[in-house]
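Everything numeric here is computed off the predicted structure, so don't read it as measured data. The first residue in the sequence is number 1, and the count goes up from there.
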Amino acid sequence: MDLTPVAYVDADYGGCRDTRRSTSGYVFTMAGGAVTWSSKRQATVALSTVEAKYVAMSRCAQQMTWMQAWLDEVKVEHTLPGIIKGDSRGAIALSKTTKDHGKVKHIDICHHYLHELVKSKSILFEQVTSADNLADLFTKPLARDHHHRLLNLLNIA
């Protein structure tokens with residue numbers, strides 16, 4: 001049985017009506033079931049959808065790095081790179097290279113370590129359609145049918 005973690009990540013954009021901060025969300029699956037998840041308001045106001053999703057990807061990558069280290073420590077085989085699925089082409093492109101991305105210079109340096117993780121082949125970001133992004137459960141209200149569909153995909157319902 002493959003115990004390699006697979007993650008789904010997403011963020012809304014300015015979803016909090018009071019602070020206009022975005023909410024990051026992720027869910028990790030192993031062996032077909034959810035093992036860890038998070039939904040957290042971002043510490044700063046994102047100036048674009050790409051920034052909100054990039055910040056969410058950064059938090060998710062931190063969790064992936066921790067999970068890989070833990071699996072190594074307990075001697076559980078897993079494959080590299082760790083797969084993180086998200087629905088933002090712009091944020092995924094930014095994780096691969098910051099070249100020609102002059103509009104994102106304001107993103108805090110702490111989030112740009114994603115580029116280093118991708119470059120070292122520790123993690124790989126893959127595009128997933130928004131309709132199939134399991135992390136949507138953690139970032140925004142969903143229609144009932146879509147909510148139940150995502151729960152079924154996580155083997156929860």
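- Here the side chains of L137 and H147 are in contact, with some heavy-atom distance below 4.5 Å.
- Summarising the geometry, atom OG1 belonging to T139 is positioned 12.0 Å from atom CZ belonging to R41; distances are rounded to the nearest 0.5 Å.
- The backbone N or O of A34 sits nowhere less than 3.5 Å from a side-chain atom of N155 that would complete a donor-acceptor pair.
- Contact annotation: the side chain of D10 approaches that of K140 to within less than 4.5 Å [non-hydrogen atoms, C-beta and beyond].
- Considering OH of Y8 and CZ of F138, their distance stands at 12.5 Å, rounded to 0.5 Å.
- One finds the CG atom of D145 at 11.0 Å from the CG atom of L150 (value rounded to the nearest 0.5 Å).
- Considering CG of D12 and OG1 of T23, their distance stands at 4.5 Å, rounded to 0.5 Å.
- With sequence neighbours excluded, the residues forming a side-chain contact (heavy atoms from CB on, under 4.5 Å) with R149 are D132, H146, L153, listed by chain and number.
- Judged as a side chain to side chain donor-acceptor pair (under 3.5 Å), and not counting sequence neighbours, S39 has no contacts.
- Partners of S130 under the side-chain contact (heavy atoms from CB on, under 4.5 Å) rule, at least two apart in sequence or in another chain, are D87, D136.
- With sequence neighbours excluded, no residue forms a side chain to side chain donor-acceptor pair (under 3.5 Å) with T36.
- Interatomic distance, L94 CG to M57 CE, rounded to the nearest 0.5 Å: 7.5 Å.
- A search for side-chain contact (heavy atoms from CB on, under 4.5 Å) contacts involving V45 returns R21, not counting sequence neighbours.
- In this structure, the side chain to side chain donor-acceptor pair (under 3.5 Å) partners of H78, at least two apart in sequence or on a different chain, are D72.
- No more than 12 heavy atoms of other residues, nucleotides or ligands sit less than 6.0 Å from atom NZ of K40.
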Sequence neighbours left out, cut at 3.5 Å: what donor-acceptor pairs do the side chains of residues 24-32 make with other protein atoms?
residue: S24; atom: OG; partner: Q42; partner atom: NE2; Å: 2.8
residue: T29; atom: OG1; partner: V6; partner atom: O; Å: 3.4

